[in-house]
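Side chains are part of it too, since the values below use all heavy atoms of this structure and drop only hydrogens, waters and symmetry mates. Per chain, numbering begins at 1; letters A, B, ... match sequence-line order.
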Number of protein chains: 2
Amino acid sequence: MQARIERYVEPALLLLLSEGASHGYELADQMANLLDVERVDYGNLYRLLRSLEGEGIVESEWNDELPGRSKRTYELTDQGRQLLDAWVTSLRAANESVSAFLQRYDERNT
Amino acid sequence: MQARIERYVEPALLLLLSEGASHGYELADQMANLLDVERVDYGNLYRLLRSLEGEGIVESEWNDELPGRSKRTYELTDQGRQLLDAWVTSLRAANESVSAFLQRYDERNT
DNA sequence: TTGACATATATGTCAACAACATATATGTTA
DNA sequence: TAACATATATGTTGTTGACATATATGTCAA
């Protein structure tokens, strides 16, 4: 039993990319840090990135200039920034709903 | 795109039952009110109730004393109360995670 | 120089969850 | 007696996330 926001990695991804372009492997680290979890699943993250690219939310290109092997670097599109804003609005509403829930619980368990 | 807590109806159900025994059809109304949604899906709610009964989280019995057709009335077990407590702990953590997320977003969008 | 490990990207599989449709029984009321 | 509300229940399906696996390349120590 573990309360979880459905598709939470998606807004986390958008937020991180809104702070600067990055690539999958690095995003996974940043996200684990942001969400305070052990680590996020690489496979699903890469799939999500490709899927978002298909929808015009992010854009990518291979980057060979950094040391190490080639990285596919992603950045947000304008549409992606809009989607992040929509997520934030929605997450605020969800958070208020949960706050109301917890308050109702606490009222009966003082 | 709609931020949603996974299995949110479950803790909502447990909270409502912790405030008093009830039956499925009535719980659906109370829950729509609690979660501030149009309405919850009856089918999935009844299935959830049966499933929770199988796990010893709730107990039920037919109640013919009220007017109208027979109702299967559910109440929480001790195990159910413990599960509610666990949900609350977990929801608090999730809420704090989302709060941190929103704060980080707001910092860059003042 | 090779073996072990970290970095980096990617696909395959599967169970669960929620959305939506449908079925059935019974009570109420116009 | 027809329409509607109450009440419980099962069937079906797409999406999501957990877990497993594959592949390529860079780094570093023995």
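Across all strands, B/Gly68 comes closer than 4.0 Å only to sugar-phosphate atoms, never to a base (heavy-atom distances). Using a 4.0 Å heavy-atom criterion, one finds that B/Gly43 contacts the bases of the nucleic acid, with or without backbone contacts as well. At a threshold of 4.0 angstrom between heavy atoms, the contacts of B/Arg47 include nucleobase atoms, whether or not backbone atoms are also involved.
Each of A/Lys71 and B/Tyr8 has a nearest nucleotide on DNA chain C; the 5'-most of these lies closest to A/Lys71. Summary of the strand contacts: B/Glu6 and B/Arg50 both lie near DNA chain D, and taking for each the nucleotide with the nearest heavy atom, the more 5' one is attributed to B/Arg50.
B/Ile57 pairs with exactly one of B/Leu49, B/Leu13, B/Leu14 by the side-chain contact (heavy atoms from CB on, under 4.5 Å) rule, that one being B/Leu14. Remark: of the listed residues A/Arg50, A/Glu61, A/His23, A/Arg50 is the sole one forming a side-chain contact (heavy atoms from CB on, under 4.5 Å) with A/Arg72.
When both distances must be under 3.5 Å, the Watson-Crick or G-U wobble mate of D/dA29 is C/dT2.
Between the CG atom of A/Leu66 and the C1' atom of D/dT25 there is a distance of 15 Å, given to the nearest Å. We find that CH2 of B/Trp62 is positioned 10 Å from P of C/dT26, with the value rounded to whole Å. Atom CD in B/Glu61 sits roughly 17 Å away from atom P in D/dA7 (whole-Å rounding). Straight-line distance from the CG atom of B/Asp29 to the P atom of D/dT8: 11 Å, rounded to whole Å. For the pair A/Gln2 CD and C/dA16 C1', the computed distance is 16 Å after rounding to whole Å. Atom CG of A/Asp41 is separated from atom P of C/dC14 by 17 Å (rounded to the nearest Å). What separates CD of B/Gln30 from P of D/dA7 is a distance of 12 Å, to the nearest Å. In this entry the distance linking CE of B/Met1 with P of D/dT15 reads 16 Å, nearest Å.
In this structure, OG in A/Ser90 is found 10.5 Å from CG in A/Leu83, a value given to the nearest 0.5 Å.
Between A/Glu10 and A/Arg7, at least one side-chain nitrogen of the basic residue sits less than 4.0 Å from a carboxylate oxygen of the acidic one, meeting the salt-bridge criterion. Remark: B/Asp41 does not engage B/Arg47 in a salt bridge, criterion side-chain N to carboxylate O under 4.0 Å.
Distance from the side chain of A/Asn44 is smallest to D/dA18 among C/dA10, D/dG11, D/dA18. Nearest to the side-chain atoms of A/Tyr46 among the listed nucleotides D/dT6, D/dC19, C/dA10 stands C/dA10. Of the candidate nucleotides D/dT8, C/dT9, D/dC19, C/dT9 has the atom lying nearest to any side-chain atom of A/Tyr42. Side-chain proximity of B/Tyr25 to the nucleotides C/dT7, D/dA7, C/dC17 is greatest for D/dA7. Checked against C/dT26, D/dC19, D/dA18, the side chain of A/Arg4 finds its nearest nucleotide in D/dA18. Here the side chain of A/Arg7 is nearest to one of D/dT16, D/dT8, D/dC19, namely D/dT16.
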